[in-house]
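Below is one structure; the comments refer to it alone.
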Amino acid sequence: DGGITQSPKYLFRKEGQNVTLSCEQNLNHDAMYWYRQDPGQGLRLIYYSQIVNDFQKGDIAEGYSVSREKKESFPLTVTSAQKNPTAFYLCASKRGTNNEQFFGPGTRLTVL
Amino acid sequence: AQSVTQLDSQVPVFEEAPVELRCNYSSSVSVYLFWYVQYPNQGLQLLLKYLSGSTLVESINGFEAEFNKSQTSFHLRKPSVHISDTAEYFCAVSDRGMRFGAGTRLTVKP
């Protein structure tokens with residue numbers, strides 16, 4: 001089955017530690033996205049990548065980093081510079097220019 | 001950049017009642033609009049989309065939305081809701097990523 005996987009579903013980290021969230025897709029989509037979801041604020045774009053080896057900052061990129069070495073993978077690193085990292089993180093991918101995005105199941109990150 | 005406003009943060013309704021979830025977007029030359037549904041602790045699932053053509057679009061589970069260019073709206077409606085429709089609903093407009101509204105929590109009560 002084609003789809004997007006994110007792992008792990010729940011992640012706990014101590015304050016000051018970097019953590020990397022995984023996102024893999026086998027839909028052969030060129031574009032991939034990372035969003036952060038907080039209660040009452042909808043989804044906010046962190047980073048996006050339209051092709052391999054290229055990515056762009058979204059609206060709230062500070063404290064995050066990404067890489068896109070393979071078409072299928074778009075990992076997100078939450079660094080210690082992110083002041084409020086506890087949130088639900090969603091990865092998405094898209095085929096074409098104006099089609100819908102397909103979402104993974106999300107990773108809930110809690111920083112203690 | 002385009003923006004999306006969902007006018008109601010919470011909508012409680014009784015089962016089998018009609019419901020409308022309101023969405024307005026900022027005007028643009030061309031616009032592509034979407035409604036997504038999210039169940040607790042899950043990702044978003046596409047409910048329906050407007051890309052072009054007929055302004056009334058329907059989903060497989062009875063929801064429909066109408067693109068109204070003059071009012072810059074894309075409200076979501078269902079004539080009779082079920083308990084299983086309880087979820088959070090997001091309106092979105094296509095942009096470099098996708099611009100989402102803040103969401104509307106629909107709660108269907110028995």
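Numbers restart at 1 for each chain; the letters A, B, ... are given by sequence-line order, proteins then strands.
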Using the rule that two of Ile, Leu, Val, Met, Phe, Trp, Tyr join whenever any of their side-chain heavy atoms come within less than 4.5 Å, decide whether B/Leu56 and B/Phe34 are in one cluster. no

Would A/Trp34 end up clustered with A/Phe102 when hydrophobic side chains under 4.5 Å apart are linked, directly or stepwise? no

Contact part of A/Gln6 toward chain B, heavy-atom cut-off under 4.5 Å: side chain, backbone, both or neither? neither

Given the rule that I, L, V, M, F, W and Y join up when any side-chain heavy atoms are under 4.5 Å apart, are A/Leu90 and A/Leu45 in one cluster? yes

Residues of residues 80-89 of chain A contacting chain B, heavy-atom criterion under 4.5 Å, by residue number: A/Phe88

Mind checking side chain to side chain contact (heavy atoms under 4.5 Å, CB included) for A/Asp54 and listing every partner two or more places apart, or none if nothing turns up? A/Ile51, A/Gln56

Counting only non-hydrogen atoms closer than 4.5 Å, can you tell me which residues of residues 7-25 of chain A sit against chain B? A/Lys9, A/Tyr10

With a 4.5 angstrom heavy-atom cut-off, which part of B/Leu46 approaches chain A: side chain, backbone, both or neither? side chain

Enumerate, atom names and distances included, each donor-acceptor pair closer than 3.5 Å involving a side-chain atom of residues 6-15 of chain B, sequence neighbours excluded.
unit_1 : atom_1 : unit_2   : atom_2 : d
B/Gln6 : OE1    : B/Cys91  : N      : 3.0
B/Gln6 : OE1    : B/Gly103 : N      : 3.1
B/Gln6 : NE2    : B/Tyr89  : O      : 3.0
B/Gln6 : NE2    : B/Thr104 : OG1    : 3.2
B/Asp8 : OD1    : B/Arg22  : NH2    : 2.9
B/Asp8 : OD2    : B/Arg22  : NE     : 3.1
B/Asp8 : OD2    : B/Arg22  : NH2    : 3.4

Neighbour count >12 (heavy atoms, 6.0 Å) for atom CD, A/Glu62: no

Quick check: closest heavy atoms across B/Phe100 and A/Leu43, and the distance to 0.1 Å? CD1-CB, 3.8 Å

Please classify the contact of B/Gln45 with chain A as side chain, backbone, both or neither, using a heavy-atom distance under 4.5 Å. neither

Linking I/L/V/M/F/W/Y whenever any side-chain heavy atoms sit under 4.5 Å apart, do A/Ile46 and A/Tyr33 land together? no

Do A/Glu100 and B/Leu44 touch side chain to side chain, with heavy atoms closer than 4.5 Å? no

In the single-linkage hydrophobic clustering (I, L, V, M, F, W, Y; side-chain heavy atoms under 4.5 Å), do A/Ile4 and A/Leu109 co-cluster? no

Residue among A/Pro39, A/Gly42, A/Cys91 with most heavy-atom pairs under 4.5 Å to chain B: A/Gly42

Looking only at non-hydrogen atoms, find the nearest pair between A/Gln101 and B/Met98 and report the distance. NE2-CB, 3.7 Å

Please check if atom CD1 in B/Ile60 has more than 12 non-hydrogen atoms from other residues, nucleotides or ligands closer than 6.0 Å. no

